[in-house]
Amino acid sequence: KKTGVPPHRLTAWADAVGWDKLINRRGTTWRNLSATEQADADTPSGAQSLALELPSVIKRPVVEWGNSVITAGFDAAQFAATLHRLRG
């Protein structure tokens with residue numbers, strides 16, 4: 001059984017951080033894609049299709065902090081600032 005990110009969550013993540021930030025262009029999954037597949041991810045619909053088909057291309061972690069705050073990828077300073085803002 002194939003599991004992945006529900007399309008509505010993926011859309012919410014992309015709306016919050018943008019496809020450029022959500023798609024991990026440094027990972028093994030990305031490097032194993034053909035040039036055509038990589039180019040297709042340059043459009044929102046192509047990026048969404050790719051992320052639904054290959055969830056491992058999504059930058060990790062994606063954190064839904066609450067209050068509609070969503071981050072993708074780990075950045076210690078960003079995490080600290082987000083926690084401070086949400087606790088504030």
Return the [atom1] to [atom2] distance between [X] and [Y], rounded to the nearest 0.5 Å.
{"X": "L50", "Y": "L33", "atom1": "CG", "atom2": "CG", "result": "5.5 Å"}
{"X": "K59", "Y": "T71", "atom1": "NZ", "atom2": "OG1", "result": "11.0 Å"}
{"X": "E53", "Y": "S49", "atom1": "CD", "atom2": "OG", "result": "8.0 Å"}
{"X": "W13", "Y": "R9", "atom1": "CH2", "atom2": "CZ", "result": "7.5 Å"}
{"X": "Q38", "Y": "I23", "atom1": "CD", "atom2": "CD1", "result": "11.5 Å"}
{"X": "D20", "Y": "R25", "atom1": "CG", "atom2": "CZ", "result": "5.5 Å"}

So which heavy atom on [X] is nearest to which on [Y], and how close?
{"X": "V57", "Y": "A51", "answer": "CG1-CA, 4.0 Å"}
{"X": "G4", "Y": "P55", "answer": "CA-CG, 4.0 Å"}
{"X": "A41", "Y": "A47", "answer": "O-CB, 3.5 Å"}

Exam field: side chain R31 to backbone T29, donor-acceptor pair closer than 3.5 Å | no
ILVMFWY cluster, I70 and V63 together (side-chain gap under 4.5 Å) = no
The single option from N24, L52, L10 that satisfies side chain to side chain contact (heavy atoms under 4.5 Å, CB included) with I58 is L10
With sequence neighbours excluded, give me every salt bridge (Lys or Arg N to Asp or Glu O under 4.0 Å) pair touching residues 65-80.
-> none
Please tabulate, one pair per line, all N/O donor-acceptor pairs under 3.5 Å involving side-chain atoms of residues 77-88, not counting sequence neighbours.
| from | atom 1 | to | atom 2 | distance (Å) |
| --- | --- | --- | --- | --- |
| T82 | OG1 | Q78 | O | 2.8 |

Side-chain H-bond candidate by donor/acceptor type, Q48 with S45, under 3.5 Å = no
